[in-house]
Amino acid sequence: MKPFSELSAEELAMENLFIRWVRFPDDPPIRSFWENWILKYPAMKETVDKARELVLTASDWKPDTLTNQDINSIWDRIRNSLDIMSDREPKAPSSKPNGNGHVLRQIILIIMSATFLFFLIYFIFNSL
């Protein structure tokens, strides 16, 4: 597992310790941990702000209030996040020109999408 300082906003928003801090900011040990962490990694402030926004959006999300535009926007964010994450993966040289690397990458992206959607639905139903 990567350290928090190397995570993207999307990855940070899926971390239980971070989610707990955003949803329950009055928990002294967790608040202290994150306040000190932000002091130690001030360059991560923008990432933390984006991750916080993602957690709050997922926590406050009500299925009745989503428009088609909102749904399309969410899917666009998911696709963009997956594109960013796939761009970060090191490109290993393939021994076959059309090997299984592409298929494996597609499977990994599908699993990551399903995991993100699972967490999103989980937090939605836990916040109700």
Side-chain angles (χ1 to χ4, degrees):
M1 186 170 130
K2 294 192 286 188
F4 291 138
S5 60
E6 295 179 15
L7 298 180
S8 68
E10 292 80 8
E11 293 168 322
L12 190 58
M14 291 191 287
E15 290 292 329
N16 288 333
L17 188 61
F18 183 81
I19 294 165
R20 188 166 173 192
W21 174 55
V22 172
R23 294 201 60 215
F24 307 104
D26 294 331
D27 186 335
I30 293 175
R31 183 182 67 229
S32 175
F33 170 82
W34 284 106
E35 287 173 355
N36 289 327
W37 186 86
I38 291 171
L39 289 174
K40 186 174 180 180
Y41 300 99
M44 292 293 292
K45 181 163 179 17
E46 186 177 325
T47 302
V48 169
D49 291 342
K50 286 179 186 177
R52 169 179 256 154
E53 181 182 328
L54 288 171
V55 171
L56 291 173
T57 299
S59 299
D60 294 337
W61 184 61
K62 305 284 188 260
D64 307 338
T65 61
L66 280 183
T67 65
N68 283 339
Q69 184 178 0
D70 292 334
I71 292 169
N72 290 335
S73 174
I74 291 170
W75 278 112
D76 286 342
R77 284 179 163 178
I78 292 170
R79 286 185 200 103
N80 288 338
S81 297
L82 292 174
D83 288 342
I84 289 168
M85 290 167 62
S86 68
D87 289 344
R88 290 183 183 173
E89 293 177 9
K91 305 284 189 223
S94 175
S95 59
K96 301 180 201 173
N98 290 327
N100 291 332
H102 180 70
V103 174
L104 181 60
R105 198 171 316 126
Q106 291 287 337
I107 292 170
I108 291 170
L109 290 175
I110 290 169
I111 291 170
M112 291 171 69
S113 296
T115 303
F116 179 79
L117 288 174
F118 171 80
F119 281 112
L120 182 66
I121 292 168
Y122 173 79
F123 292 115
I124 290 167
F125 285 107
N126 275 346
S127 67
L128 297 178

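Linking ILVMFWY side-chain heavy atoms closer than 4.5 Å, directly or via other members, places F116 and V55 in a single hydrophobic cluster. Put simply, I19 and L56 are part of the same group of oily side chains (I, L, V, M, F, W, Y) that touch within less than 4.5 Å, one to the next. Taking hydrophobic clusters as Ile, Leu, Val, Met, Phe, Trp and Tyr residues chained together by side-chain heavy-atom distances below 4.5 Å, M14 shares a cluster with V22. Linking Ile, Leu, Val, Met, Phe, Trp and Tyr residues whenever their side-chain heavy atoms come within less than 4.5 Å places I74 and M112 in a single cluster.
From N16, atom CG reaches atom CH2 of W21 across 15.5 Å, with rounding to the nearest 0.5 Å. To the nearest 0.5 Å, atom CG of residue D27 and atom OG of residue S32 are 10.5 Å apart. With rounding to the nearest 0.5 angstrom, the OG atom of S113 is 6.5 Å from the CD1 atom of I78.
Distance alone, capped at 3.5 Å, is enough to place a donor-acceptor pair between the E11 side chain and the S8 backbone.
Remark: E53 engages T57, R77 in a side chain to side chain contact (heavy atoms under 4.5 Å, CB included) (not counting sequence neighbours). Qualifying side chain to side chain contact (heavy atoms under 4.5 Å, CB included) partners for A51, counting only residues two or more places apart in sequence or in other chains: A9, L12, A13, F18. Scored by the salt bridge (charged side-chain N to carboxylate O under 4.0 Å, His left out) test, D76 finds R79 as partners (sequence neighbours excluded). Legend: residues meeting side chain to side chain contact (heavy atoms under 4.5 Å, CB included) with T115, ordered by chain and number and at least two apart, are I111, F119. Scanning for side chain to side chain contact (heavy atoms under 4.5 Å, CB included) contacts around L17 gives F4, I30, F33, W34, with sequence neighbours left out.
Closest non-hydrogen pair, R31 versus P25, comes out as CD-O, 3.4 Å. Residue K2 comes nearest to E6 through the heavy atom pair NZ-O, 3.8 Å, listed as atom of the first residue, atom of the second, then distance.
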When the side chains of residues 38-47 are checked against the rest of the protein, which donor-acceptor pairs come out under 3.5 Å, sequence neighbours left out?
{"residue": "K45", "atom": "NZ", "partner": "D49", "partner atom": "OD2", "Å": "3.3"}
{"residue": "E46", "atom": "OE2", "partner": "K50", "partner atom": "NZ", "Å": "3.3"}

- Between V48 and W37, does a side chain to side chain contact (heavy atoms under 4.5 Å, CB included) hold up when you go through it step by step? CA-CA 11 Å; V48 169; W37 186 86; 3.6 Å; yes
